[in-house]
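These notes are about the structure you will find just below.
Note that the structure is a prediction, hence the values are computed from the model and not measured. Just so you know, ligand 1 is whichever comes first in the structure, and atom 1 is the first atom listed for that ligand. The analysis underlying the following values was restricted to heavy atoms, covering all of them including side chains, and did not include hydrogens, waters or symmetry mates.
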Amino acid sequence: MIHEPFRAPGPGAPNGGRPPVLDVRNLKVSYAANGPMILKGLDFAVGGGDFCAVIGPSGAGKSTLIRCINRLVEPTEGSITLFGQDVRALHGGQLRRLRRRIGMIFQEFNLVNRMSVMDNVLSGRLGYTGPVRSFFKAFPREDVDRALHLLERVGLQDHVAKRADALSGGQRQRVGIARALMQKPEILLLDEPTSALDPKISRDVMRLIRELADELHVPVLCNIHDVQLALETCNRIIGMQDGWKKFDGPSTGMRKQDLDAIYAMEVL
Ligand SMILES: Nc1ncnc2c1ncn2[C@@H]1O[C@H](COP(=O)(O)OP(=O)(O)OP(=O)(O)O)[C@@H](O)[C@H]1O
C-alpha cells in the first residue's frame, strides 16, 4: 500500500496545528509481571522540526522508551500513537508496515560486515523488495541511484564497493545513516548513535544527522549520553530520571539546575 508520508511542518512550533508525528501518553513499562516499573508514566509528543535528545543517567529508561516506540518492548500501560496509528494495537503485517516508516540508527551500527557498503545501504529497502529480488540483489534502478546519492551525501562515495568491516567507526555509522534514510523514513529513532565513537567523530556524525533530518524534514528522537553534544546538536531535550520525565523543553532553555535535577541520583 502506498501512503502519503506523514510529513510534519517545518521547524518552529512542533506540531504546527497538525497532529504530532509521535504522541506518547502515560507510558508505563515493566519487564516482568511483578517486576519494577521501568517507565513510570511518560507523556510527550514529537512533531516536525523536533530534533529531540533523550538524556538521563544510566538506567533511566532511555533505551526502553525507544524500544517501546517500535514495539521491540511491549508497553504495560498507556498509549503510543505514531503517524496517527495506535502502535499497541498493531500486529503482523501492520506492525511491519509501521516499522518501515521508522528509520533506526544504532550504537553498534548493525552492519553486515561481509557485505559491501552499497549492499548494506540497499538493505534499508529490503522491507520493500520481494525476497526473490533481494536474493538476486535485483534492486530497482531508482533504489541504486538513491543509495549512491545518499552515500555521496554522507561522504562515502569513494567507499561504495568496500566491505563494511574495512571502514572506520565513523564511516560505519555514516553507512548506518545512509541505510536508515534509504527507506525514506518519516521519523528517525536513534539509540546512542555516537557512543562507540570518539568525541570529534561523534560531533561530525551528530551534525550530519541533524543536517539531513532538517533537509528531509524528518523528526528525530535520539537517546544520547553526551549532554554537551545533545545541547550542541539537538533543538529539544527530554530529561529522564528513574523512569520519569524531569525536563522537556528547548535545548537553549536548559539551565544548570535542570541538569542537576536530571542527574541528581547518578552515582559517579
Ligand atoms: N530486557 C530487560 N529485562 C529486564 N530489565 C531490563 C531489560 N532491559 C532493561 N532493563 C532494565 O530497565 C532499566 C532501564 O534500562 P534502559 O536500558 O532502558 O536504561 P537507559 O537509560 O537506556 O540506560 P543506559 O544509559 O545505561 O543505556 C534498567 O534497570 C535495566 O536493568
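- Ion pairing between a basic and an acidic side chain is recognised when a charged N comes within 4.0 Å of a carboxylate O; Asp248 and Lys245 show such pairing.
- Salt-bridge formation is detected for the pair Lys40/Asp242: a Lys NZ or Arg NE/NH1/NH2 atom is positioned less than 4.0 Å from an Asp or Glu carboxylate oxygen.
- For CD of Glu142, the number of neighbouring non-hydrogen atoms (other residues, nucleotides, ligands) closer than 6.0 Å is 12 at most.
- Residue His225 has at least one nitrogen or oxygen atom sitting less than 3.5 Å from a nitrogen or oxygen atom of ligand 1, judged on distance alone.
- Classification of Glu192 and Lys62 as a salt-bridged pair fails, no side-chain N sitting under 4.0 Å from a carboxylate O.
- Residue contacts with ligand 1: Gly61 is placed with a nitrogen or oxygen under 3.5 Å of a nitrogen or oxygen of the ligand (distance criterion only).
- Shortest contact from atom 23 (O) of ligand 1 to any protein heavy atom: Gly59 N, 2.9 Å.
- The closest approach between any non-hydrogen atom of Met240 and ligand 1 is not below 4.0 Å.
- Residues Asp165 and Arg163 are paired through a salt bridge, judged by an N-O separation under 4.0 Å between the basic side chain and the carboxylate.
- The shortest N or O to N or O distance between Thr64 and ligand 1 is under 3.5 Å.
- Remark: minimum distance from atom 5 (N) of ligand 1 to any protein heavy atom is reached at Tyr31 CD1, 3.3 Å.
- The single protein non-hydrogen atom nearest to atom 26 (O) of ligand 1 is Ser58 OG, 2.5 Å, given as residue, atom name and distance.
- Atoms of ligand 1 lying under 4.0 Å from at least one heavy atom of Ile38, given by number and element, are 12 (O), 13 (C), 14 (C).
- Closest to atom 27 (O) of ligand 1, if we only count protein heavy atoms, is Ser63 OG, 4.0 Å.
- Listed by chain and residue number, nothing satisfies the salt bridge (charged side-chain N to carboxylate O under 4.0 Å, His left out) test with Glu108 (two or more places apart in sequence, or in another chain).
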